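The structure appears right after this line, and notes come after that.
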Amino acid sequence: MACFFIFKPLLPMLTINLLREKKEFVIERLKIKNFEAEDIIEKVLSLDTVRREVQVKTDSLQADMNRISKEIGTLMKDGKKEEAENARQKTFALKEEIRQLTEKLGPIDNELRTEIIKLPNLPHESVPVGHGADDNEVVRSGGLMPEISESALPHWDLIKKYDIIDFELGIKLTGAGFPVYKGKGAKLQRALITYFLDMGEKAGYNEVYPPIMVNEDSGFGTGQLPDKEGQMYHATLDNFYLVPTAEVPVTNIYRDVILNADQLPIKNIAYTPCFRREAGSWGAHVRGLNRLHQFDKVEIVRIAHPDNSYESLEEMVNHVEGLVASLGLPYRILRLCGGDMSFTSALTYDFEVWSAAQKRWLEVSSVSNFESFQANRLKCRFKEKGDKQTRLAHTLNGSALALPRIVAAILENNQNENGIKVPEVLVPYTGFETIN
RNA sequence: GGAGAAAUGGCAGAGUGGUCGAAUGCGGCGGUCUUGAAAACCGUUGAUCUGUUACCACGGAUCCGGGGGUUCGAAUCCCUCUUUCUCCGCCA
């Protein structure tokens, strides 16, 4: 496996502190993501100044208040009722002043918070400049392009021919984008999930099986809320969200947690179904398995020390590459450009496999380092042994792998006149070598 | 779903209006003793915000499930939400 560059994080985090000290730097960096940050940052900084002024004033008044209250306590004990009453009279004005200041503070805090969470994560220095998919950088590729006949079928025809995935039945039960896997199709799903989990376990990942509905706090922690509210299915009666990826519950395990440095890196792997509304993103190129509302995915999630989170990222990329390669699929790895990256990510590698009958690349994995962006929202921190201060951890995750497009590629690339050849590594899991 | 009880620091567990950030025990960390370890003994032990400060440090505010209220003063009283336990009902 080719050696990767190992990067270092640019700056600790996107916090108010950073904005105070490196405003210009942040503005410049966010331009890579085509994000105009200046107005927001100015607003944040001025709100922050006001906030601190008010806070300091309130604190000192509160200190006076506490002091007088204690005095009253002592006086009462000593039976000096009159003096106590005199002291009590003094508190009324103070109390009113504190009340007024506190009333001011609430809205300021709220506004500050809503402003600061509008800022996306800073892209890493290796992120290429660009606006869309065409500007992504191919890091490397592998696997052999399959030779299939001119009469080869796209997967949406193959699944009908062999009766392994039924979209119409899914429409009857639920709606478009909720397929029913049948017979060898169902078994192939199960085989892939188990295979991916087993490979993860071999690579030292700890398996977890989380809830597939999460609450608002969890949605916020990993950054799906508030901006991507419409992308998740929302069970409004209980205010739960169906997970769009296992990243959400698994990363949120570490919400409000202070870890010891020697516990890092934490390596978890989880299989969950994933639910995405994909509102407004349907079109001609999303036929068949290319885009679904419900699909299966195995996800790897790591909590890493900031000093070596990019080593973690490299390991994850290598792990995913191993999976794709073992299935015999032609693939390429892209480093996403600023314009194509997610709101939360600092550096993202996408994996694409070649789909022979569609003659196009399909994204099957996205591996990202979020540095301290999610950790800051999650309050996921760690402490060095003997150290008093806590620091934000780094979070990373990647698909290893998402199933539907892998299935699409396997079906299309491995088809011949006898049926579809199951990749060798999966045969122990499926129990059959051919879908026919 | 109904009725009752409870929620305190890493854990266990005191504390029912005043110097309580919180007794005590365990655990953790540091030390004494020991060839080393254990035991014993001594000391120490959270988070967030903030001020002075280069750092160490020192000072202030907030935090006893979450939110709100009463009071000069709340872990302690009141309201509300959540969670847990017990009993009943229902159920895979």
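What you see is a predicted model, and the numbers here were worked out from it, not measured in a lab. In what follows, every chain begins at residue 1, and chains take the letters A, B, ... in the order their sequences are listed.
Side-chain atoms of A:N376 never come within 3.5 Å of backbone atoms of A:S372 as a donor-acceptor pair (strictly under, hydrogens ignored). A distance-only check finds no donor-acceptor pair linking the side chain of A:R302 to the backbone of A:P265 [under 3.5 Å]. At distances below 3.5 Å, at least one donor-acceptor pair connects side-chain atoms of A:R29 with backbone N or O atoms of A:H124.
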Per-nucleotide protein contact string for nucleotides 43-49 of chain B (B base, S sugar-phosphate only, - none; heavy atom under 4.0 Å): ---SSSS
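At a cut-off of 3.5 Å, with distance as the only test, no side-chain donor of A:N66 or A:S69 sits close to an acceptor on the other residue. A:E247 and A:T222 are not linked by any side-chain donor-acceptor pair at a separation below 3.5 angstrom, with hydrogens and angles left out of the test. With hydrogens and angles left out, the side-chain atoms of A:Y429 and A:R190 include no donor and acceptor closer than 3.5 Å. Side chains of A:N239 and A:H234: a donor-acceptor N/O pair is present below 3.5 angstrom, by distance only.
In this structure, CD of A:E384 is placed 21 Å from P of B:rG28, rounded to the nearest angstrom. Taking atom CG on A:L105 and atom C1' on B:rU50, their separation rounds to 12 Å, with Å as the unit. The interatomic distance linking A:F240 (CZ) with B:rU82 (C1') rounds to 11 Å, in whole Å. Between A:D64 atom CG and B:rG59 atom P there is a gap of 18 Å when expressed in whole angstrom units. Rounded to whole Å, the distance from CD1 on A:I98 to C1' on B:rG60 is 13 Å. Taking atom NZ on A:K57 and atom C1' on B:rG60, their separation rounds to 17 Å, with Å as the unit. At whole-Å resolution of the value, CG in A:L101 and C1' in B:rU62 are 16 Å apart. Between the CD atom of A:E82 and the P atom of B:rC72 there is a distance of 19 Å, rounded to whole Å.
Under the 6.0 Å distance and 45° angle rule, A:K187 does not count as a cation-pi partner of A:F432. At least one test fails for A:R377 against the ring of A:F343: distance under 6.0 Å to the centre or angle within 45° of the axis.
Look at the P atom in both B:rA75 and B:rG17: the space between them is 13 Å, to the nearest Å. Across the C1' atoms, B:rA14 and B:rC26 are found 15 Å apart, a figure rounded to whole Å. Using P as the reference atom, B:rU76 and B:rU84 are 23 Å apart when rounded to the nearest Å. Rounded to a whole angstrom, the distance from the C1' atom of B:rG51 to that of B:rC41 is 41 Å. Comparing B:rG30 with B:rG69, their P atoms are spaced 45 Å from each other, to the whole Å. Comparing the C1' positions of B:rC90 and B:rC77 gives an interatomic distance of 38 Å, to the nearest angstrom. The separation of B:rA22 from B:rG18, taken at their P atoms, amounts to 16 Å, rounded to a whole angstrom. Going from the C1' atom of B:rG13 to that of B:rC88 covers 31 Å, rounded to whole Å.
Counting only heavy atoms from C-beta on, A:V56 has its side chain closest to B:rU50 among B:rU71, B:rG18, B:rU50. Looking at the side chain of A:N66, the nearest of the listed nucleotides B:rG73, B:rU62, B:rU50 is B:rU62.
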Base-pair map of RNA chain B as dot-bracket, where | denotes pairing with a different strand and pairs are Watson-Crick or G-U under 3.5 Å: ((((((((.[[[..)..(.....]]]((((((.......))))))(((((((....))))))).[[[[[..)....]]]]])))))))....
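A sub-4.0 Å separation between OP1 or OP2 of B:rU62 and a side-chain N or O of A:Q62 is present.
Counting any heavy atom pair closer than 4.0 Å across all strands shown, A:I72 reaches a base atom. At the heavy-atom level, A:M65 lies under 4.0 Å from the strands shown only through sugar-phosphate atoms. Residue A:S69 is classed as a base contact, given a heavy-atom separation below 4.0 Å to a base.
Checking A:K160, A:R405, A:E412 one by one against A:H155, the side-chain hydrogen bond (donor to acceptor under 3.5 Å, both in side chains) holds for a single residue, A:E412.
Within the structure, salt bridge (charged side-chain N to carboxylate O under 4.0 Å, His left out) pairs that include any residue of residues 161-170 of chain A comprise A:D163-A:K182, A:D166-A:K182 (at least two apart or interchain).
The residue among A:D48 and A:G73 whose nearest nucleotide of RNA chain B lies closer to the 5′ end is A:G73.
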